[in-house]
Amino acid sequence: MTIANQKGGVGKTTSAVNLAASLSMHGQRVLVVDLDPQGNASTALATEHRAGVPSIYQVLVEDLPLESIVTQVPDMPGLYCAPATLDLAGAEIELVPMVGRETRLKRAFAAFESKMNFDYILIDCPPSLGLLTVNAMAAAQEVLIPIQCEYYALEGLTQLLQNVELVRAHLNQNLNVSTILLTMYDGRTRLASQVADEVRSHFGATVLDAVIPRSVRVSEAPSYGQSVMTYDPGSSGAMAYMEAAREMAYRGAAVADA
């Protein structure tokens, strides 16, 4: 599942990390692939990603096997991370002349598939629609779009959905927008409920019932190298992500049964 939105600050990394942690706490084996040069998902999952550490950059640009960079997240059995380093910032340019530049990650997954044995792979994308995000979409089956419950929430969404359609048409016919997650919900404001209503009217059942509230605990957790699930499991943010993960797992099981 690719977690994408070209707008920054909408909760992509926070959602990737906390959904992954929630799913792993329910007994699933989960891999987070950090495809953002900032490496915030790697930081939040306490995974080494200083300069020189083998990372997703080497997988994309140098054909390093994916399994060689995957590490288990400390104190979280079942949760793994493929880290990003700052080297990834140059990958957009370095990939341009390469053959099959849009499907480098897809090929890495194909080679990794027989060895991976994961229930979920969540790909955290950069806040852009460049080659890294295209690689993520080409490699995934589903797209999850976090949308913040604030003014301009739907701005840019049309372009993102057009890109999903282009990737489906040319690179990955199995791709679909399966999930929309409302984030940064402030129940004290009328705007938040108006945005939530608007998103639900546009996208219907694709939108999860669970809504992620604005939460200091969610914001604090990454600075301690943790998800909010372990930092403060009783907080409103942790419970909301647990509920969202439960919905995702239920939907996935329903699709598999169908």
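Predicted model only: the values in this text are computed from it and were never measured.
Although no hydrogens or angles enter the test, the distance criterion places no donor-acceptor pair under 3.5 Å between the side chain of Asp34 and the main chain of Ala82. Remark: the backbone N or O of Glu155 is not paired with any side-chain donor or acceptor of Lys7 at under 3.5 angstrom. In this structure, Asn18 contributes its side chain and Thr14 its backbone to a donor-acceptor pair below 3.5 Å. Listed for the Gln226 side chain is no donor-acceptor partner under 3.5 Å among the backbone atoms of Leu45. With hydrogens and angles disregarded, a donor-acceptor distance shorter than 3.5 Å links the side chain of Arg200 to the backbone of Leu208. Remark: the backbone N or O of Ala136 is paired with a side-chain donor or acceptor of Thr2 at under 3.5 angstrom. With hydrogens and angles disregarded, no donor-acceptor distance shorter than 3.5 Å links the side chain of Thr85 to the backbone of Arg50. In this structure a side-chain-to-backbone donor-acceptor pair under 3.5 Å is missing from Asp36 to Asp124. No side-chain donor-acceptor contact under 3.5 Å links Lys106 to the backbone of Asn172. Within the 3.5 Å criterion, the main-chain N or O of Thr43 finds no donor-acceptor partner in the side chain of Thr47.
No hydrogens or angles considered: nothing links the side chains of Thr13 and Asn40 as a donor-acceptor pair under 3.5 Å. No donor-acceptor contact under 3.5 angstrom links the side chains of Gln28 and Ser24, judged on distance only. Using modelled atom types, one finds a donor on one side chain and an acceptor on the other under 3.5 Å when comparing Ser15 with Tyr241.
Looking at residues two or more places apart in sequence or on another chain, you find a side-chain hydrogen bond (donor to acceptor under 3.5 Å, both in side chains) between Glu220 and Arg217, Tyr231. For Glu198, the side-chain hydrogen bond (donor to acceptor under 3.5 Å, both in side chains) criterion is met by no residue, not counting sequence neighbours. With sequence neighbours left out, the side-chain hydrogen bond (donor to acceptor under 3.5 Å, both in side chains) criterion links Arg188 to Asp186.
Here the closest non-hydrogen pair linking Ala84 and Ser42 is N-OG, 3.2 Å. The nearest pair of heavy atoms linking Val53 to Gln58 is O-OE1, 4.1 Å.
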Working note: Leu31 + Leu122, criterion side-chain contact (heavy atoms from CB on, under 4.5 Å); need CA distance, chi angles, decisive distance, verdict.
CA-CA 6 Å; Leu31 170 64; Leu122 303 184; over 6 Å; no
Leu157 and Phe203: side-chain contact (heavy atoms from CB on, under 4.5 Å), yes or no, with the steps?
CA-CA 12 Å; Leu157 205 56; Phe203 297 103; 3.5 Å; yes
Under the side-chain contact (heavy atoms from CB on, under 4.5 Å) criterion, do Val228 and Ser235 qualify, and how do the steps go?
CA-CA 8 Å; Val228 74; Ser235 66; 3.6 Å; yes
For Met184 and Ser215, what are the C-alpha separation, side-chain angles and deciding distance, and is it a side-chain contact (heavy atoms from CB on, under 4.5 Å)?
CA-CA 8 Å; Met184 302 180 187; Ser215 164; over 6 Å; no
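A chain of hydrophobic side-chain contacts below 4.5 Å, direct or via other Ile, Leu, Val, Met, Phe, Trp or Tyr residues, connects Val32 to Met242. Hydrophobic clustering (side-chain heavy atoms under 4.5 Å, transitive across Ile, Leu, Val, Met, Phe, Trp, Tyr) keeps Ile123 apart from Ile147. Hydrophobic clustering of Ile, Leu, Val, Met, Phe, Trp and Tyr side chains at less than 4.5 Å, counting indirect connections, unites Met248 with Val218.
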Cut-off 3.5 Å, no hydrogens considered: what does the side-chain donor-acceptor table look like for residues 96-103, sequence neighbours left out?
residue : atom : partner : partner atom : Å
Arg101  : NH1  : Val96   : O            : 2.9
Thr103  : OG1  : Gly100  : O            : 3.2
Thr103  : OG1  : Arg107  : NH1          : 3.4

Distance-only donor-acceptor pairs under 3.5 Å for side chains of residues 59-67, two or more places apart:
residue : atom : partner : partner atom : Å
Asp63   : OD1  : Arg104  : NH2          : 2.9
Glu67   : OE2  : Lys115  : NZ           : 3.0

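Between the CD1 atom of Ile121 and the CE atom of Met1 there is a distance of 12.0 Å, given to the nearest 0.5 Å.
The stretch residues 38-86 participates, sequence neighbours left out, in these ring pair (Phe, Tyr, Trp, His ring centres under 6.0 Å) pairs: Tyr80-Phe118.
By the neighbour-count criterion of 12 heavy atoms within 6.0 Å, atom CG of Leu161 is densely surrounded, having more than that number from other residues, nucleotides or ligands.
The shortest side-chain heavy-atom distance between Gln72 and Leu79 does not fall under the 4.5 Å cut-off.
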